[in-house]
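Indexing begins at 1, ligand by ligand and atom by atom, following the structure's order.
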Amino acid sequence: MESVSVLIPEEEVEKKIREIAEQITKDYAGKELKLICILKGSVFFTTELAKRIGLPVKLDFMSVSSYGDDVTSSGRVRIVKDLDESIRGQHVLVIEDIIDSGHTLSFLLEMLKSRQPESIALCTLLDKPSRRVVDVHVDYTGFEIPDEFVVGYGLDYAQRYRALPYIGVLHFED
Ligand code: IMP
Ligand code: MG
C-alpha cells in the first residue's frame, strides 16, 4: 500500500492559481484565449484557472499518453484524444499539471505550433526542473517541486488520488 503526505495545501494552491490568472489577464489584455486542457491531470487546474481569468476564454481538451499506469517515463507520446476545434489564428495557452522529463510537452508544443496558432504559451501547475531531459520553455509555473512523486489536484497514481484537494507526496511502503 501507499500513503500520502501533504506537500502543498489547498489554500496555497488556490492562492497561486489566482496569481497566475491575474498575470494571464494582464498579459493577454484585449485578447480572447483558447485554453487547452491536457486530460486528465490538468482538469482541476484548468477549471480553477479559467474561472479566474478576466478575459473571454474558450476551452478545448486533448489527451495524450506517455506513462501508462507506471511512475517511469517512456519518452513515447501518443495522442489519445485530439482537440475538437482548430486553433489556427488563435491565442493558445496549453495547461499542464506537471512537467517532468519534458517529453510530453515538447512533443505537444511542436505539434500544436504546426497548426498555426497566432501565439502559443505553456502554463503548468507543477514543475520538477531536476528531472528535465528535453528543454521546454514554460511561461507560467505554479510551483517548482523536488523530485518526488506527487498526487492530488488532478494528478494520479494508477488513476487514483486525482480528487484530493491538495498536492501530496506519495510514499510507497512494503
Ligand atoms: P513528462 O513527459 O516526463 O514531462 O511527463 C509529464 C506527465 O507525466 C504528466 O502530465 C503526468 O501525467 C506524469 N507525471 C510526471 N510526474 C508525475 C508525478 O509526480 N505525479 C503524477 N504524474 C506525474
Ligand atoms: Mg498521469
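For the pairing with I36, the side chain to side chain contact (heavy atoms under 4.5 Å, CB included) check across L112, I95, L93, L122 returns one residue only, L112.
Electrostatic pairing of R115 and D82 counts as a salt bridge here, judged by a charged N lying under 4.0 Å from a carboxylate O.
The atoms of ligand 1 that sit less than 4.0 Å from any heavy atom of T104 are 1 (P), 2 (O), 5 (O), 6 (C). For ligand 1, the atoms lying closer than 4.0 Å to a non-hydrogen atom of K128 are 16 (N), 17 (C), 18 (C), 19 (O). Atoms of ligand 1 found under 4.0 Å from any heavy atom of E96, numbered from 1 in the order shown, are 10 (O).
Residues E148 and I145 form no side-chain contact, since every pair of their non-hydrogen atoms from C-beta on lies 4.5 Å or further apart.
In L155, the part holding a heavy atom less than 4.0 Å from any atom of ligand 1 is the side chain. Looking at E148 against ligand 1, only its backbone comes within 4.0 Å, counting heavy atoms.
By the side chain to side chain donor-acceptor pair (under 3.5 Å) test, R52 is found to be paired with E48, residues two or more places apart in sequence or in another chain being considered.
Note: F44 and Y153 have tilted aromatic rings, judged against thresholds of 30 and 60 degrees for the angle between ring planes.
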Contacts under 3.5 angstrom, residues 163-173 side chains, donor-acceptor by atom type, not counting sequence neighbours:
from	atom 1	to	atom 2	distance (Å)
H171	NE2	S5	OG	2.8
E173	OE2	S3	OG	2.8

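In this structure, D97 counts as a contact residue of ligand 1, since one of its heavy atoms falls inside 4.0 Å of the ligand. Under the 4.0 angstrom criterion for non-hydrogen atoms, L105 is not in contact with ligand 1. At least one heavy atom of D156 sits less than 4.0 Å from an atom of ligand 1.
Taking the centre and axis of the six-membered ring of F143, the NZ or CZ atom of K16 falls inside the cone set by 45° and 6.0 Å.
Taking distance alone, with nitrogen or oxygen atoms compared against 3.5 Å, G102 approaches ligand 1 more closely than that limit. Remark: ligand 1 and F149 share no N or O pair separated by less than 3.5 Å (distance only, no angle test).
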